[in-house]
Amino acid sequence: MEIKKIKRSEDYSAWYNNLVKSADLAEHSDVKGCMIIKPYGYAIWEKMQAELDRRFKETGHQNAYFPLFIPKSFFTKEASHVDGFAKECAVVTHYRLKVDPETKEIIVDPDAKLEEELIVRPTSETIIWNTYRSWIQSYRDLPILLNQWANVVRWEMRTRLFLRTTEFLWQEGHTAHATQEEAVAETRQMLEVYADFAENILAVPVIKGVKSANERFAGAIDTYCIEGLMQDGKALQMGTSHFLGQNFAKAFEVKYVTKENKQEYVWATSWGVSTRLMGALIMSHSDDEGLVLPPRLAPIQVVIVPIFRKEEEKIIVMEKATAYFQLLKKQGISVKLDDRDNLTPGYKFADYELKGVPVRIAIGPRDVQNGTVEVARRDTKEKQVMSAADLEHKIPHLLEQIQANIYQRALDYRSEHIHTVDTWEEFMDALENKTGFVSAHWDGTSETEEKIKEMSKATIRCIPLNNPQENGKCILSGEASKERVLFARAY
RNA sequence: CGGGGUGUAGCGUAGCCUGGUAUCGCGCCACAUUUGGGAUGUGGAGGUCGUAGGUUCGAAUCCUGCCACCCCGACCA
């Protein structure tokens with residue numbers, strides 16, 4: 001495979017698209033806006049799923065599965081919800097094809113029109129709350145703590161691999177609670193789960209916050225989010241956790257009887273992260289040589305590349321390489337021994353760099369003689385010769401170091417790209433020339449937020465949690481404000 | 001949906017203006033020599049030129065429609 005080199009600094013989106021394809025993560029399908037996730041990309045997603053799923057179960061959730069199709073009448077019961085999603089719904093209207101007697105072509109059978117159209121789920125609140133009505137009678141039935149791993153469809157106008165595709169994979173948690181306090185606590189808890197996952201597994205620092213009214217989920221009282229900063233200075237919403245109040249309970253008549261024998265509406269939350277996290281991962285760490293994967297997510301953590309010239313060299317090198325392979329494998333490290341003899345070491349080095357493999361171990365006849373190996377790390381591209389006897393204890397440590405270094409690098413980048421401004425001129429200068437998050441005062445109104453968006457293409461990413469209170473004046477209207485919010489141009 | 005661009009072998013491309021059945025590189029297959037940073041040689045396989053029409057003796061090339069993708073907008077938890 002000849003690799004087209006596109007520099008990050010020259011054309012970020014071309015670089016991104018090229019990387020997704022050349023690192024074998026995903027490709028465009030023949031269906032508009034839909035992607036094919038290739039085995040290497042899917043392996044990374046599976047590791048994300050495993051980490052998230054474990055955290056969901058640790059916090060008391062169970063997995064379930066609800067239908068792909070939602071009857072239109074369910075979907076339209078919650079007014080603001082349908083408003084938010086109406087423009088991007090795929091709708092099933094018929095259930096059969098037939099051969100046109102005249103043209104002999106396959107056509108939709110007009111006689112097979114559905115009595116009621118089905119919406120391909122863009123999210124599952126409605127069908128789940130329609131179900132919860134029959135599951136919940138008493139306070140003893142609460143809470144319900146469910147998650148589902150699913151695909152959803154949102155008919156977006158413009159798509160980008162992983163970041164915004166028509167169909168995408170995600171998980172959506174849907175919980176039901178007896179009290180507001182409990183539901184709010186759940187919403188906050190899941191935000192913490194997401195933040196912990198993003199920082200410790202993806203190695204992407206995130207800002208936890210709450211969305212402004214304009215950016216809130218359709219049907220939510222409060223939308224909490226984690227926001228990441230990509231290498232091109234644009235923000236990316238990486239996960240959301242919604243406090244839905246009693247909106248869906250009221251729309252679907254989900255009530256329970258309290259200890260005091262009173263009828264109350266149930267309190268709801270929903271929360272989700274998607275394959276968009278793959279985009280976040282790629283855009284946070286990768287470089288001109290290709291992907292850079294945090295060890296905790298890398299399908300291959302260590303690759304061993306044997307180097308040999310003649311058959312007798314191959315025998316002695318492979319013997320050592322196999323021994324090191326077994327040694328590392330026994331430690332629970334995901335290790336690959338690439339013994340293909342039709343490719344040169346140089347090719348393999350470049351290829352595993354493209355794929356983001358954190359650690360590469362090269363071993364040749366020289367090493368066998370000296371009892372050494374060459375260890376190269378992907379994040380810094382540093383190489384060192386180390387004694388083979390040190391492998392056992394140094395490699396696990398190195399993997400942890402790489403994980404920490406990648407995170408620190410992303411954190412440093414973000415710290416350098418949060419700009420505090422007090423005037424409109426400074427605000428525009430920060431957005432245009434410095435990029436990243438801009439911390440500024442805002443008068444709290446949707447009108448001002450809307451105007452700022454029109455004038456600057458920046459949106460309020462979030463009002464950070466534990467935001468310090470500080471008196472100031474809105475950068476646009478000059479009205480009084482008591483806290484700063486974070487703006488950015490976003491994906 | 002608006003503006004701009006692209007579509008030729010698995011990938012990247014030349015040819016198009018000025019019509020005559022397609023160029024080169026990578027990759028692939030075989031063999032040999034190679035292998036410490038993307039190996040070399042020799043031989044070979046691989047093509048509805050995005051798609052549907054039209055003009056023409058003849059279309060990758062000219063004309064029209066359509067489709068897909070990319071970039072910039074609009075749109076978007």
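Source: prediction; values computed, not measured. Chain letters run A, B, ... following the sequence lines, proteins first and then strands; every chain starts at 1.
Regarding A:D338, its CG atom lies at a distance of 16 Å from the P atom of B:G38, rounded to whole Å. Between the CG atom of A:N17 and the P atom of B:G5 there is a distance of 20 Å, given to the nearest Å. Per the geometry, CG belonging to A:L343 stands 14 Å off C1' belonging to B:G37, to the nearest Å. Protein atom NZ of A:K457 is 10 Å distant from nucleotide atom P of B:C72, rounded to whole Å. Atom pair A:E454:CD and B:G73:P shows a separation of 15 Å (rounding to whole Å applied). To the nearest angstrom, P of B:U33 lies 14 Å from NZ of A:K314. Atom-to-atom, CD of A:E88 to P of B:C75 comes out at 13 Å; the value is rounded to the nearest Å. When the C1' atom of B:C28 is taken as reference, atom CG of A:N342 falls 11 Å away, rounded to whole Å.
Between B:U35 and A:R309, a contact under 4.0 Å exists linking OP1 or OP2 to a side-chain N or O. Contact annotation: A:K348 does not reach the phosphate of B:G37 (side-chain N/O to OP1 or OP2, under 4.0 Å). Between A:R360 and B:G37 there is no side-chain N or O to OP1 or OP2 distance below 4.0 Å. In this model, the phosphate group of B:G38 is not approached by any side-chain N or O of A:T344 to a distance below 4.0 Å at OP1 or OP2.
Here A:E311 lies out of heavy-atom contact (under 4.0 Å) with every strand. A:W271 comes within contact range of no nucleotide atom at all, as no heavy-atom separation falls under 4.0 Å. Across all strands shown, A:D367 has heavy atoms under 4.0 Å from base atoms, whether or not it also approaches the sugar-phosphate. Here A:R340 lies out of heavy-atom contact (under 4.0 Å) with every strand. The residue A:G33 sits close only to the backbone: its heavy atoms come under 4.0 Å of sugar-phosphate atoms, none of a base. Counting any heavy atom pair closer than 4.0 Å across all strands shown, A:K383 reaches a base atom. Residue-level contact check: A:Y194 touches neither bases nor backbone, having no heavy atom under 4.0 Å from any strand.
For B:C76, there is no paired base (Watson-Crick or G-U wobble, both distances below 3.5 Å). The partner of B:U18, taking Watson-Crick or G-U wobble pairs whose two distances both stay under 3.5 Å, does not exist in any strand shown. Searching all strands for a Watson-Crick or G-U wobble partner of B:C69 with both distances below 3.5 Å returns B:G5. Pairing for B:C24 is with B:G12, a Watson-Crick or G-U wobble pair whose two hydrogen-bonding atom distances lie under 3.5 Å. Using the Watson-Crick or G-U wobble rule with both distances under 3.5 Å, B:A45 pairs with nothing in any strand shown. Applying the Watson-Crick and G-U wobble criteria (two distances, each under 3.5 Å), B:A39 pairs with B:U33.
Checking B:C71, B:C75, B:G36 against the side-chain heavy atoms of A:R366 singles out B:G36 as nearest. Comparing B:G38, B:C76, B:G36 by their closest approach to the side chain of A:E374 singles out B:G36. Comparing B:G36, B:C71, B:G38 by their closest approach to the side chain of A:I307 singles out B:G36. Distance from the side chain of A:K32 is smallest for B:A68 among the nucleotides B:A68, B:G37, B:G38. In this structure, the nucleotide among B:G38, B:C71, B:A74 sitting nearest to the side chain of A:S13 is B:C71. Checking B:U35, B:G38, B:G73 against the side-chain heavy atoms of A:A350 singles out B:G38 as nearest.
Between A:R8 and A:D287, no side-chain nitrogen of the basic residue sits less than 4.0 Å from a carboxylate oxygen of the acidic one, so the salt-bridge criterion is not met. A:R378 has no carboxylate O lying under 4.0 Å from a charged side-chain N of A:E289, or vice versa, which leaves the two without a salt bridge. Comment: A:R377 engages A:D379 in a salt bridge, judged by a side-chain N to carboxylate O separation of less than 4.0 angstrom.
Nearest-nucleotide positions on RNA chain B for A:H28 and A:R164 put A:H28 closer to the 5' end. Both A:T159 and A:T240 lie close to RNA chain B; mapped to their nearest nucleotides by heavy-atom distance, the more 5′-ward contact belongs to A:T159.
Rounded to whole Å, the C1' atom of B:G47 lies 11 Å from the corresponding atom of B:U21. Straight-line distance between the P atoms of B:G10 and B:A59: roughly 24 Å, to the nearest whole Å. The C1' atoms of B:U13 and B:C49 are separated by 13 Å, rounded to the nearest whole Å. Nucleotides B:C28 and B:C71 place their C1' atoms 33 Å apart, quoted to the nearest Å. Nucleotides B:U61 and B:U56 are separated by 13 Å at their C1' atoms, to the nearest Å. As rounded to the nearest Å, B:A14 and B:C75 have P atoms that lie 36 Å from one another. The same atom, P, is picked in B:A60 and in B:G3; the two are 30 Å apart, to the nearest Å. Rounded to a whole angstrom, the distance from the C1' atom of B:U6 to that of B:U51 is 15 Å.
At least one cation-pi condition fails for A:R276 and A:F162: the charged atom is not both under 6.0 angstrom from the six-membered ring centre and inside a 45 degree cone around its axis.
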- ring pair (Phe, Tyr, Trp, His ring centres under 6.0 Å) between A:F487 and A:F427: does it pass, once the steps are laid out? CA-CA 9 Å; A:F487 288 87; A:F427 180 76; 5.1 Å; yes
- Where do A:K72 and A:E117 land on the salt bridge (charged side-chain N to carboxylate O under 4.0 Å, His left out) test, with the steps shown first? CA-CA 6 Å; A:K72 193 176 78 182; A:E117 293 93 340; 3.5 Å; yes
- Take A:F56 and A:W271, measure what ring pair (Phe, Tyr, Trp, His ring centres under 6.0 Å) needs, and give me the verdict at the end. CA-CA 11 Å; A:F56 298 157; A:W271 29 274; 5.1 Å; yes
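When the shell of 6.0 Å around NZ of A:K381 is examined, it contains more than 12 heavy atoms from other residues, nucleotides or ligands.
Side-chain rings of A:H81 and A:F217 approach one another, their centers coming within less than 6.0 Å.
Counting atom types as modelled, A:E353 pairs a side-chain N or O with a base atom of B:G37 as donor and acceptor under 3.5 Å.
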